[in-house]
> 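Sharing a structure with you now.
Bear in mind the structure is a predicted one, so any value in this text is a computation, not a measurement.
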Number of protein chains: 2
Amino acid sequence: MPARISRLADFLPYLLSVTSNAVSGRIADEYNARFGLRIPEWRVMAVLGDAGALTQRELVGATLMDKVAVNRACKVLEERSLIARSPNTSDGRSHHLELTGAGKAMHAQIMPLALEMEALLFDALNEEEQATFKALLGRLRRRVQELSGEQEFSR
Amino acid sequence: MPARISRLADFLPYLLSVTSNAVSGRIADEYNARFGLRIPEWRVMAVLGDAGALTQRELVGATLMDKVAVNRACKVLEERSLIARSPNTSDGRSHHLELTGAGKAMHAQIMPLALEMEALLFDALNEEEQATFKALLGRLRRRVQELSGEQEFSR
DNA sequence: GCGATTTGGTTGCATTAGAGACTAGTTATG
DNA sequence: CATAACTAGTCTCTAATGCAACCAAATCGC
């Protein structure tokens with residue numbers, strides 16, 4: 001008995017939240033099962049693989065994650081020898097973080113899986129719809145940022 | 001220095017997650033500031049206001065939240081005398097939950113604010129785009145559910 | 001109707017995320 | 001250069017989320 005769903009189901013922020021959680025949960029399970037990575041760690045790997053050596057500060061900017069989240073993810077990855085720190089000659093407070101050989105090897109497995117997952121999940125949308133969806137998300141995000149005050153782009 | 005954003009930014013699940021968090025965070029702040037409500041509590045209020053008396057089990061179905069989240073939200077709302085329990089004659093394990101007078105009064109303030117917030121946030125999208133966005137989210141969610149196994153629709 | 005199974009609700013526990021304080025190193029100012 | 005103001009990173013504490021075990025009431029099978 002599907003108990004008449006309330007108007008909540010028409011509320012866009014709700015729909016957005018539920019959908020996002022479903023997608024994230026699915027992906028998190030997959031990465032955890034295959035690589036023992038959690039999402040913050042995966043994001044750091046993805047960015048480092050793409051951009052090369054970065055500081056934590058730069059990772060915060062690139063992933064939009066909290067600096068604590070970045071720090072924890074890096075610590076875990078370093079313990080697993082997937083990334084390595086090298087001193088930053090131009091600023092002694094930070095280090096350059098870079099994928100190790102093992103890290104690069106994992107990255108090479110991770111990215112195809114990411115695209116595969118994306119394709120699988122977004123199967124329900126054709127090319128054009130995916131592009132539209134992406135564009136709308138982008139505009140929405142910018143709008144929220146704009147509303148959420150005049151701060152740079154922390155958080 | 002906007003450090004070349006990596007390919008992560010093109011990854012749909014990432015974009016979805018970041019956007020959803022931004023939207024939810026903004027709304028959570030607003031409801032917390034104005035009514036001292038958190039999102040799970042707000043959702044329960046919204047559904048009860050719309051559907052009348054329901055059991056916790058029915059609320060789980062209507063909000064897609066975890067039963068623990070529903071239980072906790074109800075407990076808080078009951079303590080604040082925004083909702084009241086009455087015995088369920090047809091099943092002694094559960095109760096009917098319903099908005100009190102105060103609850104209804106708050107609901108009458110809450111819903112317009114919800115629509116206002118929705119309008120404000122989704123300002124960046126015109127009518128048609130909003131409809132498209134909603135439809136795409138719906139299809140995406142159904143797709144994930146479908147992939148996530150044959151379970152009813154718990155979680 | 002009586003034991004076995006199921007289900008609504010509750011509690012406790014483990015995991016996660018975020019805010020704030022703190023440390024070490026850097027830049028700006030006199 | 002010495003002090004003040006700032007910044008990258010780390011640590012700690014608290015709040016939020018979800019799972020699993022649990023209790024009590026209901027249903028099923030005989």
> Between P on D/dT17 and CG on B/Leu64, what's the gap in Å once rounded to a whole number?
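Going from B/Leu64 (CG) to D/dT17 (P), I get 15 Å.
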> Starting at CG of A/Asp29 and ending at P of D/dG18, how long is that distance when rounded to a whole Å?
13 Å
> Under 3.5 Å, which N/O atoms of the protein pair with N/O atoms of nucleotides 3-6 of chain C?
none

> Distance-only criterion, 3.5 Å: show the donor-acceptor pairs between side-chain atoms of residues 103-121 of chain A and protein atoms not counting sequence neighbours.
residue  : atom : partner : partner atom : Å
A/Glu118 : OE2  : B/Leu12 : N            : 2.9

> For nucleotides 21-23 of chain D, tabulate all protein N/O to nucleotide N/O atom pairs closer than 3.5 Å, reporting atom names and distance.
none

> Please report, rounded to the nearest Å, how far the P atom of D/dG9 is from the CD atom of A/Glu78.
13 Å
> Can a salt bridge be assigned to the pair A/Glu78 and A/Lys75 using a cut-off of 4.0 Å between side-chain N and carboxylate O?
no
> Quick test: give all pairs of protein nitrogen or oxygen and nucleotides 11-17 of chain C nitrogen or oxygen below 3.5 Å, distance rounded to 0.1 Å.
residue : atom : partner : partner atom : Å
C/dT11  : OP2  : B/Lys75 : NZ           : 3.0
C/dT16  : OP2  : A/Arg38 : NH1          : 3.2

> As a test of understanding, state which of A/Leu54, A/Thr55, A/Thr89, A/Asp91 forms a side chain to side chain contact (heavy atoms under 4.5 Å, CB included) with A/His96.
A/Thr55
> Start with the C-alpha distance between A/Leu16 and B/Leu16, add both sets of side-chain angles, then the distance that settles side chain to side chain contact (heavy atoms under 4.5 Å, CB included), and finish with yes or no.
CA-CA 8 Å; A/Leu16 179 59; B/Leu16 179 59; 3.7 Å; yes
> What verdict does the side chain to side chain contact (heavy atoms under 4.5 Å, CB included) test give for B/Gln56 and B/Val60, after you've listed the backbone C-alpha separation in whole Å, the side-chain angles of each residue and the deciding distance to 0.1 Å?
CA-CA 6 Å; B/Gln56 288 190 187; B/Val60 168; 5.6 Å; no
> Rounded to whole Å, please give me the gap between CD in A/Glu58 and C1' in D/dT7.
14 Å
> Using whole Å, report how far CG of A/Asp66 lies from C1' of D/dT14.
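Checked: the CG to C1' distance equals 14 Å.
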> Is the closest side-chain heavy-atom distance between B/Arg43 and A/Ser17 below 4.5 Å?
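Contact flag for B/Arg43/A/Ser17 side chains = yes.
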> Whole angstrom is fine here: how far is it from CG in B/Asn88 over to P in D/dA26?
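Checked: the CG to P distance equals 9 Å.
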> Over how many whole Å does the gap from A/Met65 atom CE to C/dA19 atom C1' extend?
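Computing the A/Met65:CE to C/dA19:C1' distance gives 17 Å.
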> Return the value, rounded to whole Å, for the distance between atom CG of A/Asp91 and atom C1' of C/dA24.
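Result: 11 Å.
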> Table please: side-chain donor-acceptor pairs of residues 133-140 of chain A below 3.5 Å, with sequence neighbours left out.
residue  : atom : partner  : partner atom : Å
A/Lys134 : NZ   : B/Asp10  : O            : 3.0
A/Arg139 : NH1  : B/Glu129 : OE2          : 3.0
A/Arg139 : NH2  : B/Ala124 : O            : 2.6
A/Arg139 : NH2  : B/Glu129 : OE1          : 2.9
A/Arg139 : NH2  : B/Glu129 : OE2          : 3.4

> Same hydrophobic cluster for B/Val47 and A/Leu15, using side-chain heavy-atom links shorter than 4.5 Å among ILVMFWY?
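In one cluster: yes.
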> Output all residues satisfying ring pair (Phe, Tyr, Trp, His ring centres under 6.0 Å) with A/Tyr31, sequence neighbours left out; order by chain, then residue number.
A/Trp42
> Does any non-hydrogen side-chain atom of B/Leu77 lie less than 4.5 Å from one of B/Leu37?
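A side-chain contact exists here, since the closest heavy-atom pair is under 4.5 Å.
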> Hey, are B/Glu146 and B/Arg142 close enough for a salt bridge, meaning a charged N less than 4.0 Å from a carboxylate O?
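Not counted as a salt bridge, because no side-chain N and carboxylate O are separated by less than 4.0 Å.
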